[in-house]
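Working notes, beginning with the structure itself.
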Amino acid sequence: MITPERLTDFHKDILKEIGNIGAGHAATALSELVNKSIDMNVPSVKLAPFHEVTELLGGEDTVVAATFLRVTGDAPGNMYFILTIEEAVSYLKQLTGDESIDENSFYDCEMTRSALQETGNILAGSYLSSFSDFTGLKLSPSVPYLTIDMAAAVLSFGLVEMSQVSDYAIIIDTQLKESDGLQTGIDGHFLLLPDPDSFEKIFHSLGVSINE
């Protein structure tokens, strides 16, 4: 069983490097989408037990916008990209140039939902491409699904399903900045919930022993 204590700094550095490369690819695609230069980096990567995941997102009752997809291939699992509603509104204002978007209109606008879903799709594809390049594993994302609800409800399906066979999620913090260094106000969380055997496959493919 992999636990945070067994995930060494070396392991974290590998995951962070994979995340940063994926973030670089995603930033290029997002820059084209918003028609302005966007930088993206990964300030931290952590392995968190499931019961702490909702707290890392702001608490069980925090309303979030989450893109969920299933990863298939050599190391299957579940994947989420999660923004608080405030972050999602900020991002959509930049994306569309529409300053009238607020938390109320956000829920009912099909265009904003489609934009968030496409963003999640871009990020997922970029991160999975990075994982594939590093590990040599074949990984493919399913069609993304966007949901807006309290963090506990959003995560319940994936976490309840996975908690029967595993205990931890890989959390890749994702920070977006404009190219001039100004904060965009967007700090999202990218969650990778590998299936039980996938942890072993990912690290084994990197030549890293995780066995006692």
Please answer whether the main-chain N or O of [Y] pairs with a side-chain N or O of [X] as donor and acceptor at a distance below 3.5 Å.
{"X": "Thr147", "Y": "Ala66", "result": "no"}
{"X": "Ser90", "Y": "Glu86", "result": "no"}
{"X": "Thr135", "Y": "Ile202", "result": "no"}
{"X": "Thr119", "Y": "Ala115", "result": "yes"}
{"X": "Asp149", "Y": "Val154", "result": "no"}

Nearest heavy-atom pair of [X] and [Y]: which atoms, and what distance?
{"X": "Glu60", "Y": "Met150", "answer": "O-CB, 3.5 Å"}
{"X": "Asp173", "Y": "Ser44", "answer": "OD2-OG, 2.6 Å"}
{"X": "Ser132", "Y": "Leu137", "answer": "OG-O, 3.1 Å"}
{"X": "Pro76", "Y": "Ser198", "answer": "O-OG, 2.7 Å"}
{"X": "Ala151", "Y": "Val64", "answer": "CA-CG2, 4.0 Å"}

Passing candidate, side-chain contact (heavy atoms from CB on, under 4.5 Å) with Met79, options Leu191, Leu128, Leu139: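 That would be Leu128; it is the only one of Leu191, Leu128, Leu139 passing the side-chain contact (heavy atoms from CB on, under 4.5 Å) with Met79.
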Residue that, paired with Gln117, satisfies side-chain contact (heavy atoms from CB on, under 4.5 Å) out of Leu146, Ile122, Leu69: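 Answer to the side-chain contact (heavy atoms from CB on, under 4.5 Å) test with Gln117 among Leu146, Ile122, Leu69: Leu146.
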Looking at [atom1] of [X] and [atom2] of [Y], how far apart are the two atoms once the value is rounded to the nearest 0.5 Å?
{"X": "Phe190", "Y": "Thr67", "atom1": "CZ", "atom2": "OG1", "result": "9.0 Å"}
{"X": "Leu192", "Y": "Tyr127", "atom1": "CG", "atom2": "OH", "result": "11.0 Å"}
{"X": "Arg70", "Y": "Leu193", "atom1": "CZ", "atom2": "CG", "result": "9.5 Å"}
{"X": "Lys46", "Y": "Ile172", "atom1": "NZ", "atom2": "CD1", "result": "10.5 Å"}
{"X": "Asn121", "Y": "Ser126", "atom1": "CG", "atom2": "OG", "result": "9.5 Å"}
{"X": "Asn20", "Y": "Thr174", "atom1": "CG", "atom2": "OG1", "result": "9.5 Å"}

Steps toward side chain to side chain contact (heavy atoms under 4.5 Å, CB included) verdict (Ile148, Ile85): CA-CA 8 Å; Ile148 301 169; Ile85 293 301; 3.8 Å; yes
Would you say that [X] contacts [Y] through its side chain, given a criterion of any heavy-atom pair below 4.5 Å between the two side chains?
{"X": "His25", "Y": "Ile21", "value": "yes"}
{"X": "Leu15", "Y": "Phe131", "value": "yes"}
{"X": "Leu116", "Y": "Arg113", "value": "no"}

